[in-house]
Amino acid sequence: MRIGVFICHCGSNIEGTVDTATVAKASLDFPEVVYATDTMYACSEPGQDGIIQAIKDKNLTGVVVASCTPRMHEPTFRRAVERAGLNRYMFEMANIREHVSWIGKDREANTNKSVDLVRIAIEKLRRDAPLSPSKFSINKRVMVIGGGVAGIQAALDCADGGLQVVLVERESSIGGKMAKLDKTFPTVDCSSCILGPKMVDVAQHENITLHAYSEVDAIGGYVGNFQVQVKKKATYVDWTLCTGCGACMEKCPSKKNPDRFNEKIGPCTSINIPFPQAIPKKAVIDPTTCRQFVKGKCGVCAKVCPTGAIKYDMADEIVTEDVGAIVAATGYDLFDISKVTEYGGGRYPDVITGLQYERLLSASGPTGGHIKRPSDGKEPKNVVFIQCVGSRDKSLDRPYCSGFCCMYTAKQAILTKDHIPDSQSYVFYMDIRSPGKMYDEFTRRAMEEYGARYIRGRVAMVYPKDGKMIVRGADTLAGTQVEVEADLVVLAAGAEAAVGAPKLAEKLRISYDKYGFFMESHPKLKPVETNTAGVYLAGSCQGPKDIPQSVGQGSAAAAKVLALFSKDMLESDPQISRVDIKRCVGCGKCIITCPFKAIKEVEFRGQKKAEVIETVCQGCGLCTSTCPQGAIQLSHFTDNQILAEVNALCQS
Amino acid sequence: MSEAIAYYPGCSGLGTSKEYDASTRAVCRTLGLDLVDIPDWSCCGSTPAHTKDHVLSAALSARNLQLVSGMGIASAATPCPSCLTNLRTANHRMEAPAMAEKVNKLLDAPYAGGVEAISVLQALVEKVGLDEIKAAVRTPLTGLKVACYYGCIMNRPPELMAFDDCENPMAMDNVLSAMGATVVPFPLKVECCGASYGIPRQDIVARLTGKLLDVAKSVGADMVAVACPLCQMNLDLRQGQVNRALGTNFRIPVPYFTQLMGVALNVADEELGFGQLCIDPRPVLNKALSGADAQAKGA
Ligand SMILES: Cc1cc2nc3c(=O)[nH]c(=O)nc-3n(C[C@H](O)[C@H](O)[C@H](O)COP(=O)(O)OP(=O)(O)OC[C@H]3O[C@@H](n4cnc5c(N)ncnc54)[C@H](O)[C@@H]3O)c2cc1C
Ligand code: SF4
Ligand code: SF4
């Protein structure tokens, strides 16, 4: 092998504490090295040209670059050596920036350590073999899970791009939280007026198949070829017949059930269409309250339904959808306010969540858009808003900021004044976080034009007295205690991961954080990708996001899917495990170990053997350390290569 | 029937809250909860010790825990939340070996930990249980409207006290509704009454205690049941001071919850010490009970 070594200065990032010229010179003494040099910026165009030129001039057959982390530029250099005619896997990187220059100041020690790392890389390179990816075809259908505004946007963009889209929503209508909102910040335009048309587009788009009232049961396969089992939950109404006329809702005698769409501040019937603009506009029976199910007799809806759509004996149904990519857009849910016992949410009817308040403001809500407090239906005059309930609070294990509450509280204070001109709003806040376009101006408007009184401080307790809610808190700017007699208290409940998010993440084989939010592949540079190829994220399932951000991410995820599907064949990463069939004894340990279910059992001449499914293997290497026979080897990271690296280190 | 529990009455149990001590003993005896006196127990250190010196305070409390451990008993119950705080704090502080060493130097016999201190309320709920308490009721407190007032330190800080919800505790509510009383939702259950400010700053106690009484009245309580000798004193003994300072005319009885339990369990009146309270709850109690009785007969 003829090896060339390039030691990068990274400006002064590396050169500042590593003598790169000395490292280059020392490299010349290592086996099979025929060329070594230092270079200002190896990744820059002249830097890459220098590598390519050297490969050609010196007939190099392998290259080592000592620079930054491979997560940064390994793909860059692989492409460079490939342009010069080498196999892209005849290349190794030594990380002398993150692992050396950035963490130590002693120039001599750093230089010596860099020499060691280069030597290790050279020993690995000497045992590299050219690898080539295999190709497989892709199924150009995409599944979007979750039909909130983020999922809707992703679905529409993909469908407009010509892809077949399967949208899975667990409620009976798409729309998510945005469908429950009255107006939206910072423009205070009507939420259903801007969301409604998009929902209709979903229903009418010829490329979109919608499974509402459905959930993902199981996911198999890999990028390009997933098989997803979708459970269509029994609605007890044949949706091919239901016209959404609502006759059943008018006549259903079971009328006093908590309406989930109205966040339980209003009642609904057992057979229900959640809201007038629902997509699909179809009825669903709740068997936990329906008299036909609970008492065994009623049947009123079946009698009144003009199309005979009611089917009390319906069962769940599983359908399998084959898709090439999946977008998770399952959104968020709200922090349970009854956990903050000092505020009395859940105990006092007039302590409600912001989302419940949206329903009170909404013209299609349970009060027809008149603000009436739940306890006695009176119009409140003094409304107290408490921000950060279940956000930025370590004691509740919710240390993160929910992002949108400052803005929606300001919006609700403005709307309160619009609805009830002689009302007074008070907002208890910790800090006002409004870093968006026109956002800070918006919160200022709530204070300056709408007279909302902002009090910086936490509320200690809320209690009822003589028909009022007494809100006691601190005003930390004035350094005093304050007590406000409120008619209604609105808690800005923080955002939490959607119920069941961790379970779905496990089915998708993507990571989630401590709180259940899905993890992106890179917090800055890969915000919609996940660590599982072919699975993307959109909206607040990744962390709290407002509508503009969620929509932006929905479009971004769609762009990723369209880019993925712009090819007819995908290349699989060849750095995967392979079984040496002669050594394998068929014990199956690797099959149990593999977290990606990438190893299957096969019969080979009457004997059990393990076989790696190329497209599923993620190259994590767990199986190789499990195999008692050393029969599984991870290409490009074989046992021999790792031992050679250790040897190189021990020699120095 | 149940395991023996060491009983630590606290100094106030021999003085200002004799009736709490007496009713606690009588109620536990009736319910078969075996309270064993700690021979030669001493003061827990109360507020003065821990404001001055943590080692001294821990030692004063640990001395008693050590005695209990010598009796071969694993838990000690005290009626007084302030004693409870000191006993539990001593246990907590002595988990640090350096602290344990300093404390043990002051003790005749070293305390090796292992004795859990709980409130009498907790003992009743956990060692006897609500079902058994309910089954023992002879004269249900039907018709009596009670506000349960826990005081501010009974459940706080929650990490230390580790019992019930620290903002909306329910143990006493559950016990008294098991006795047949109507427990009114009292939102100021854990608000401070002013505590020992009764001596240097009566105005503060008047304001804080006044608010408690006012809200108790507004939610329709006939009386306020308490679990703390100091709270009892502020709400009952100082009710006149509150009235004078605020121009109110509250006359709300403030019995210990154990006294009310005693009535329901048919404990002899002499053992309940109602006469030691400033506002005797018996007239209100009898009126509520006979009203319910008449209603039951009328129906
Ligand atoms: C009170 C309040 C007021 C707000 N006001 C504004 C505002 O004025 N302006 C603004 O920009 N933002 C506002 N927001 C924020 C806004 O709600 C979010 O930005 C937006 O809803 C995020 O959209 P999403 O699609 O990511 O999630 P969601 O709206 O939560 O949608 C997720 C969807 O996925 C579905 N789903 C969940 N799990 C599954 C599963 N396992 N399988 C299938 N489907 C699933 C859900 O049923 C839901 O339909 C407000 C939020 C609150 C709480
Ligand atoms: S059968 Fe059930 S859903 Fe239908 S009308 Fe009767 S109660 Fe309502
Ligand atoms: S662990 Fe090794 S020997 Fe066992 S099945 Fe897997 S490859 Fe074969």
Side-chain angles (χ1 to χ4, degrees), chain A residues 335-353 373-376 382 384 386 388-391 393-399 428 457-474 479-489 491 493-494, chain B residues 145 147-174 177 182-195 197 201 203-221 224 246 248 250 252:
Chain A
F335 177 80
D336 173 7
I337 56 166
S338 71
K339 287 186 189 157
V340 190
T341 32
E342 58 268 41
Y343 295 167
R347 263 185 295 146
Y348 307 131
D350 294 332
V351 177
I352 62 174
T353 67
R373 62 180 200 170
S375 64
D376 54 10
N382 280 354
V384 169
I386 306 178
C388 299
V389 179
S391 300
D393 192 337
K394 273 196 202 159
S395 70
L396 297 167
D397 193 27
R398 293 291 176 274
F428 283 89
R458 296 296 280 165
V459 168
M461 75 181 303
V462 176
Y463 66 94
K465 179 147 191 300
D466 303 331
K468 302 260 185 203
M469 300 303 301
I470 310 294
V471 180
R472 188 202 302 158
T480 55
Q481 262 198 15
V482 281
E483 272 197 5
V484 183
E485 284 192 0
D487 300 302
L488 182 67
V489 179
L491 306 183
Chain B
K145 290 196 200 139
C148 293
Y149 175 56
Y150 296 73
C152 55
I153 62 167
M154 181 96 160
N155 305 286
R156 295 198 281 208
E159 300 80 7
L160 180 68
M161 304 312 266
F163 174 63
D164 215 351
D165 189 297
C166 72
E167 297 289 348
N168 182 32
M170 287 301 290
M172 199 199 305
D173 294 60
N174 294 338
S177 52
T182 305
V183 176
V184 297
F186 183 47
L188 302 188
K189 284 176 179 181
V190 294
E191 276 291 279
C192 180
C193 65
Y197 273 116
R201 289 285 302 273
D203 57 321
I204 291 181
V205 170
R207 183 158 56 81
L208 298 179
T209 294
K211 186 180 256 160
L212 295 173
L213 294 167
D214 182 33
V215 171
K217 197 172 160 187
S218 79
V219 294
V224 177
L246 306 180
T248 49
F250 297 120
I252 303 176

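Side-chain atoms are counted along with the backbone in the values below, which use heavy atoms only and exclude waters and symmetry mates. Bear in mind that the values here come from a model prediction, so they are computed numbers and not experimental data. The sequence lines fix the lettering, A, B, ..., with proteins before strands; numbering per chain opens at 1.
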| request: Answer yes or no: are there more than 12 heavy-atom neighbours, outside B:Tyr197 itself, under 6.0 Å from its atom OH? | output: no
| Nearest heavy-atom neighbours spanning B:Pro187 and A:Met461 | O-CE, 3.5 Å
| Are A:Glu342 and B:Val190 close enough that some pair of their side-chain heavy atoms sits under 4.5 Å apart? | no
| message | If I measure from the heavy atoms of chain A, does B:Asn168 come under 4.5 Å with its side chain, its backbone, both, or neither? | response |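 Both parts, backbone and side chain.
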| Proximity breakdown for B:Lys211 and chain A, heavy-atom pairs closer than 4.5 Å | side chain
| message | Which atoms of A:Tyr348 are under 4.5 Å from chain B, going by heavy atoms: the side chain, the backbone, both sets, or neither? | response | side chain
| Roughly how far, to the nearest 0.5 Å, is the CG atom of B:Leu188 from the NZ atom of A:Lys465? |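 Between A:Lys465 NZ and B:Leu188 CG, I get 9.5 Å after rounding to 0.5 Å.
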| To the nearest 0.5 Å, how far apart are OG1 in A:Thr341 and CG in B:Asp164? |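 Reported value, rounded in 0.5 Å steps: 10.0 Å.
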